[in-house]
Amino acid sequence: MSVPEYNYSEIEKKWQKIWADEKAFCASDSFDKPKYYCLIEFPYPSGAGLHVGHPRSNTALDIISRKRRMERYNVLYPIGWDAFGLPTENYAIDNNIHPSIVTEKNINHFREQLQRIGFSFDYSREVNTTDPKYYKWTQWIFLKLFENGLAYKDKININYCPSCKVGLANEEVVDGECERCHNKVVRRTKEQWMLKITDYAQKLLDGLDDIDFIERVKIQQRNWIGRSEGAEVDFAIANKDYKLRVFTTRPDTLFGATYMVISPEHPILDEFSSDIKNIDEVIKYREITALKSDMERTELNKDKSGVELKGIKAINPVNDHEIPIFVSDYVLMSYGTGAIMAVPGHDTRDYEFAKKFNLPIIEVVSGGNIEEEAYTDSENGVLINSGLLNGLKVPDAKKKIIQFLTDKNAGEKTINYKLRDWVFSRQRYWGEPIPLVKCDTCGWVPLPYNQLPLTLPEVDEFKPGEGGESPLANVTDWVNTTCPKCGKPATRETDTMPQWAGSSWYFLRYIDPHNDDELAAKENLNYWLPVDWYNGGMEHTTLHLLYSRFWHKFLYDIGVVTSPEPYQKRTSHGMILGENGEKMSKSRGNVVNPDDMVDEYGADAFRMYEMFMGAFDQPIPWSTHGVKGCKRFLDRVWRLQESIEGEEIRPDMESLTHKMIKKVSQDYEAMKYNTAIATMMSYVNDVYAKETISKREYLTLITLLNPVAPHITEEIYHNLGGEGLLSLSEWPKWDESKCEDAVKEIAVQVNGKLRGTIVIPADADEKAIEGLALDQENVKNYIEGKTIVKIIVIKGRIVNIVVK
RNA sequence: GCGGGCGUGGCGGAAUUGGCAGACGCGCUAGACUUAGGAUCUAGUGUCAUUGACGUGGGGGUUCAAGUCCCUUCGCCCGCACCA
């Protein structure tokens with residue numbers, strides 16, 4: 001039979017249209033089948049368009065989604081747009097064009113690019129975080145958080161980006177720089193809306209035990225939450241009625257505390273400003289500190305700096321010694337209580353500080369050599385010079401001192417978390433308005449739910465207001481309103497929400513995207529949740545992934561959702577690098593555009609290479625040559641149409657075919673796409689060697705290949721006279737008994753070195769195998785004149801003859 | 001410093017978890033077909049050596065057997081960090 005040339009662009013367009021027309025990949029809400037919910041992180045539709053990194057995650061879960069459909073699941077594989085954010089706003093400012101226009105244009109471009117690659121997304125469920133019908137529910141969730149006391153406004157030191165003129169969440173600061181613009185972040189005091197994610201620290205930690213996240217992600221989240229057990233201890237200020245409270249993980253070393261250190265932002269400085277003789281010096285130090293980011297302040301090899309507070313002293317509660325108080329930038333107001341007791345003998349940082357400032361170093365835990373360095377072992381050390389604690393091991397000393405402090409009302413056991421509350425305000429235009437009204441009599445008043453969504457007002461200027469205020473502050477008509485509670489004149493909050501808001505719950509909206517009465521209908525949520533498999537980048541582990549788990553747990557607590565965790569399984573893909581092995585970026589000039597690949601090699605070859613290029617979870621450089629190789633393979637698969645002979649699987653292909661079904665099926669599940677594809681390549685090589693292929697063998701091959709290369713396989717299926725769509729046909733099953741070979745070739749070693757191979761029946765016993773091995777010509781040469789010490793036979797694997 | 005990971009041909013990577021190292025692909029070499037080849041097909045391709053030896057960053061160890069386990073060392077990547 002002769003077939004036309006493989007015209008990929010025609011074939012791909014044709015099937016993409018058919019799939020769309022027949023709504024082949026739309027999820028059904030009939031609830032009559034087992035469901036499977038696959039999720040990829042919805043893209044931020046940037047002006048630069050899609051890059052070859054996006055399709056890696058998309059294709060991986062497209063394969064899973066397509067396989068699940070063929071396994072007869074009701075599959076939800078949605079797509080949407082995380083469209084609020086700074087780049088769009090900055091573009092809008094630079095070009096004086098409304099961000100919504102830019103957003104729409106970018107979304108259309110992204111959608112076209114994605115559609116050309118043939119992902120089986122349910123486009124009927126698209127969501128867009130900037131759509132008022134969507135952010136109505138983002139605002140609704142915020143109001144619920146507010147109602148439940150999880151949103152509060154606080155005057156705090158925040159990370160401030162002088163370039164973007166916005167406050168940033170701690171989690172958004174990367175290496176002391178603004179994550180978006182890479183400019184240095186400074187500290188600045190500002191009233192901000194905060195979300196109490198810290199209230200959920202323990203739940204977020206505990207929840208990790210019950211879900212199937214790759215270990216790297218769990219570890220990273222645990223570290224970020226940073227639970228530590230310790231104690232808070234009160235140090236009195238001499239001659240004052242004031243207690244300076246510290247947090248310590250080593251209360252056992254209390255007798256070794258020879259000074260204290262407080263953060264430059266600590267309120268005690270204002271409290272005792274008239275008592276501190278060198279207050280001018282202290283204030284100057286505070287001003288210098290304010291310019292630094294936490295990262296700079298806490299850098300390990302940094303020279304210790306600080307100023308002693310002259311005129312006030314603290315009293316160690318266990319021995320009543322008066323000790324000096326220092327202010328130093330290495331103590332952060334945002335962790336613990338903003339003050340520490342310094343134990344230079346047993347803490348490395350305190351040791352360095354004490355050396356620099358010539359402070360006494362007392363050994364209170366024996367076992368190390370504090371002449372040389374701090375002894376920080378918290379397991380084996382034994383307490384000395386510590387009164388009631390002498391002779392105790394560290395863990396016992398901790399218990400005893402905590403009891404002692406509790407009895408004396410001078411402290412207590414506490415658990416501290418590294419995690420900080422989420423700074424939720426942005427002084428930007430392109431975000432969800434915060435639906436609150438400030439009334440002089442009633443305070444902060446939530447907008448009634450029936451007034452949602454509170455939409456963004458049209459403005460001409462998107463530039464931030466003076467002093468970093470939101471552009472919304474300039475829209476007087478919009479800002480001035482009446483109090484929903486008392487009806488008196490009041491003003492709206494002008495800050496907007498961060499980009500993380502819309503992305504914290506988008507997977508819920510996919511479940512019921514057009515519902516105007518609820519975030520999503522309860523029965524739909526019950527059916528679809530949790531997300532069965534969520535794949536995304538490692539860079540979102542501590543930001544998006546943690547935030548959305550927090551929101552979900554809150555929604556669970558107030559009865560909106562019925563699953564305690566949003567995502568049952570989380571995997572992560574490695575980054576795709578440029579051909580030169582460096583990170584792909586415009587400035588490096590090594591960006592590869594997927595459109596070019598689709599044009600030149602077709603979507604199927606492109607998808608296939610994305611999966612074939614290497615281990616899915618590892619970073620990998622792009623190679624356009626590699627795409628070519630995949631295209632060649634698809635050409636070979638296509639040409640098999642000329643070599644069809646016979647209907648059913650031929651005996652000599654049976655084991656190979658069943659082994660392929662097994663290997664490909666299992667490898668897809670384990671995200672070992674590269675070896676799954678290699679298996680199919682080998683199979684095709686074998687078929688070429690045999691020159692013909694039966695129809696059943698061919699159908700099996702294209703069915704297994706379909707999730708990776710859906711267009712070409714759909715076309716071949718159609719040419720073979722297949723009914724309906726291959727994409728909705730049944731996944732092949734393998735017969736375990738047919739995966740075994742009747743005969744096997746195994747290696748024969750002498751003293752661990754390969755000396756020959758033998759072919760044995762699968763059921764051969766050890767004696768027979770030994771005999772065959774010893775009979776090998778080459779083996780004989782190596783055992784001649786030597787004594788056989790023993791013969792090791794590993795069934796189906798290897799024979800090793802040990803001689804002397 | 002702590003936590004996680006990586007190191008295998010010219011390149012991307014395989015290796016049933018202790019059992020024939022280098023599957024599969026790229027690239028390269030030779031040949032066939034062709035007016036032509038950046039198409040296709042066939043054969044070859046770890047290194048050195050004409051029987052064999054050596055080979056998974058280096059060194060040591062356990063074992064009949066090590067890319068895989070243990071010790072040690074070097075290099076690289078990622079995350080977190082004066083976190084008290």
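Chain naming here is simple, since letters A, B, ... match the order of the sequence lines and numbering starts at 1 in each.
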C1' gap between B:rG27 and B:rG10, integer Å | 8 Å

When every nucleotide of nucleotides 7-17 of chain B is labelled 5' to 3' by its protein contacts under 4.0 Å (heavy atoms), B for base, S for sugar-phosphate only, - for none, what sequence of letters results?
-> -----BSSS--

Which is true for A:S682 with a 4.0 Å heavy-atom rule: it touches a base, it touches only sugar-phosphate, or it touches nothing?
-> sugar-phosphate

A:V331, A:I340, A:L244 screened by side chain to side chain contact (heavy atoms under 4.5 Å, CB included) with A:I262, the one that passes | A:L244

Measure the acute angle between the ring planes of A:Y259 and A:F326, then classify it against the limits of 30° and 60° as parallel, tilted or perpendicular.
-> perpendicular

Tell me what A:G629 touches on the nucleic acid: a base, only sugar-phosphate, or nothing, going by heavy atoms under 4.0 Å.
-> sugar-phosphate

The contact string for nucleotides 32-46 of chain B, one letter per nucleotide 5' to 3', using protein heavy atoms under 4.0 Å with B, S and - for base, sugar-phosphate only and none, comes out as -------SSS-----

Approximate separation, where rounding is to 0.5 Å, of A:L656 CG and A:K738 NZ = 14.5 Å

From CG of A:D350 across to C1' of B:rC83 the rounded distance in Å is 12 Å

Heavy-atom closest pair (A:T337 atom, A:V246 atom, distance to 0.1 Å) is OG1-CA, 3.3 Å

Reckon A:I794 touches a base, only the sugar-phosphate, or nothing at all at heavy-atom distances under 4.0 Å?
-> base

Length of the CG-C1' vector between A:L419 and B:rC83, whole Å | 13 Å

Distance between P atoms of B:rC69 and B:rU16 (Å, rounded) = 12 Å

Distance in angstrom units between A:Q749 CD and B:rG19 C1', rounded | 7 Å

With a non-hydrogen cut-off below 4.0 angstrom, is A:R755 in contact with a base, only sugar-phosphate, or nothing?
-> sugar-phosphate

Looking only at atom C1', what distance separates B:rU50 and B:rG61, rounded to whole Å?
-> 37 Å

Could you measure between the two C1' atoms, the one in B:rC24 and the one in B:rG9, and give it in whole Å?
-> 14 Å

Which whole number of Å gives the distance between the C1' atom of B:rU51 and that of B:rG58?
-> 32 Å

Identify the heavy atoms of A:I362 and A:F255 that sit nearest to each other, and give their distance.
-> CD1-O, 4.5 Å

